[in-house]
Amino acid sequence: MNRIVLHQGDITQLAVDAIVNAANSSLLGGGGVDGAIHRAAGPELVQECRMLHGCKTGDAKITAGYRLPAKHVIHTVGPVWQGGDSNEDALLASCYQKSLELAEKHGLKAIAFPAISTGIYRFPLERATRIALTTTQNFLKSHALPEQVIFVCFSQHDLEVYRQILAEVHPDT
Ligand code: AR6
């Protein structure tokens with residue numbers, strides 16, 4: 001089975017064990033995919049998020065999915081792109097690593113990621129995609145869970161970039 005899958009569409013519509021939210025450190029909602037997830041999940045999500053007291057950049061926290069078709073939301077905070085010399089690569093890799101660790105710890109089989117930091121936080125898409133795919137590939141090599149990781153691309157262009165880089169890094173997972 002191919003454990004890494006690409007999908008174009010709206011992450012809020014996926015009936016998976018967890019969708020990952022590209023949040024900010026308050027965990028209290030925002031624009032982009034964060035806004036879409038909170039709208040679709042309903043007001044109970046922000047209530048649970050308030051009890052988490054925020055999240056550091058590069059870290060991840062899990063909640064229920066409420067009105068979403070997904071059972072859980074893993075909230076992670078990507079770095080704001082500042083030119084590349086402010087530890088952005090390692091912080092972005094940590095978002096994927098910590099999210100995958102949480103999924104494994106909670107016994108989750110299928111998890112879906114958006115392209116963290118590549119919207120409002122302006123991380124260059126190709127560089128971010130390479131980090132997303134290699135970090136995930138390395139994690140899957142030594143872990144049975146999650147069984148499946150879906151990378152959700154919002155636009156056709158993002159999907160093309162993911163396709164190209166996936167072929168380059170050629171996962172044997
Ligand atoms: N489904 C899948 N992907 C989406 C969706 C969706 N419904 N909506 C947007 N995207 P962004 P960031 C894509 O800006 O750069 C928020 O205000 C989008 O096209 O959502 O990590 C937070 O509160 C892009 O490819 O997240 C933070 O303050 C990707 O999701 C800040 O934005 C990420 O874009 C985080 O910025």
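All residue numbers refer to positions in the sequence shown, counting from 1.
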Check your understanding: What orientation do H106 and H72 show, parallel under 30°, tilted 30 to 60°, or perpendicular over 60°?
Key -> tilted
Review point. When rounded to the nearest 0.5 angstrom, what is the spacing between OG1 in T136 and CD1 in I131?
Key: 11.0 Å
Practice item. Would you mind reporting whether F113 and F151 have side-chain heavy atoms less than 4.5 Å apart? Key: yes
Revision key, fill the gap. In short, I19 meets A70 closest at the heavy-atom pair CG2-CB, 3.9 Å
Practice item. Decide yes or no for L27 and K61: does some side-chain heavy atom of the first lie under 4.5 Å from some side-chain heavy atom of the second? Key: yes
Review point. Would you say Y66 and E48 make side-chain contact, with heavy atoms under 4.5 Å?
Key: yes
Exercise for review: Supply the atom-to-atom distance L68 CG to Q13 CD, rounded to the nearest 0.5 angstrom.
Suggested key: 10.5 Å
Review point. What distance do I74 atom CD1 and L102 atom CG have between them, rounded to the nearest 0.5 Å?
Key: 5.5 Å
Check your understanding: Looking only at heavy atoms, which two atoms of A112 and V152 are closest? And how far apart?
Key -> CB-CG2, 3.9 Å
Revision key, fill the gap. I116 and A22 have their tightest heavy-atom pair at CA-CB, 4.3 Å
Check your understanding: Is the shortest heavy-atom distance from the side chain of I37 to the side chain of L45 under 4.5 Å?
Key -> yes
Check your understanding: How far apart are the closest heavy atoms of L145 and F139, and which atoms are they?
Key -> O-CE2, 3.5 Å
Review point. Counting only heavy atoms not in H157, do more than 12 sit closer than 6.0 Å to its NE2 atom?
Key: no
Check your understanding: Looking at residues at least two apart in the chain, or sitting in another chain, which of them share a side chain to side chain donor-acceptor pair (under 3.5 Å) with K56?
Key -> none
Review point. Does L92 reach the side chain of S117, with side-chain heavy atoms less than 4.5 Å apart?
Key: yes
Study note, to complete from the structure: To the nearest 0.5 Å, atom CG of L133 lies from atom CD of E168 at 10.0 Å
Revision key, fill the gap. Here the pair of heavy atoms bringing L140 nearest to P146 is CD2-O, 3.5 Å
Check your understanding: With no hydrogens and no angle check, do the side chains of H75 and T63 hold a donor and an acceptor under 3.5 Å apart?
Key -> yes
Review point. Transitively linked via ILVMFWY side-chain contacts under 4.5 Å: I150 with I11?
Key: yes
Exercise for review: State, yes or no, whether a side-chain contact exists between R67 and E44 at a heavy-atom distance under 4.5 Å.
Suggested key: yes
Revision key, fill the gap. Residues passing the salt bridge (Lys or Arg N to Asp or Glu O under 4.0 Å) test with E101, sequence neighbours excluded, are none
Review point. How far does CG of L28 sit from CZ of R50, to the nearest 0.5 angstrom?
Key: 6.5 Å
**Study point:** side-chain hydrogen bond (donor to acceptor under 3.5 Å, both in side chains) contacts in which one or both residues fall within residues 143-156, not counting sequence neighbours
**Key:** S155-D158, Q156-E160
Review point. Just how far is it from atom NZ of K141 to atom CZ of R3, taken to the nearest 0.5 Å?
Key: 11.5 Å
**Study point:** Side-chain heavy atoms of L108 within contact of E104, under 4.5 Å
**Key:** no
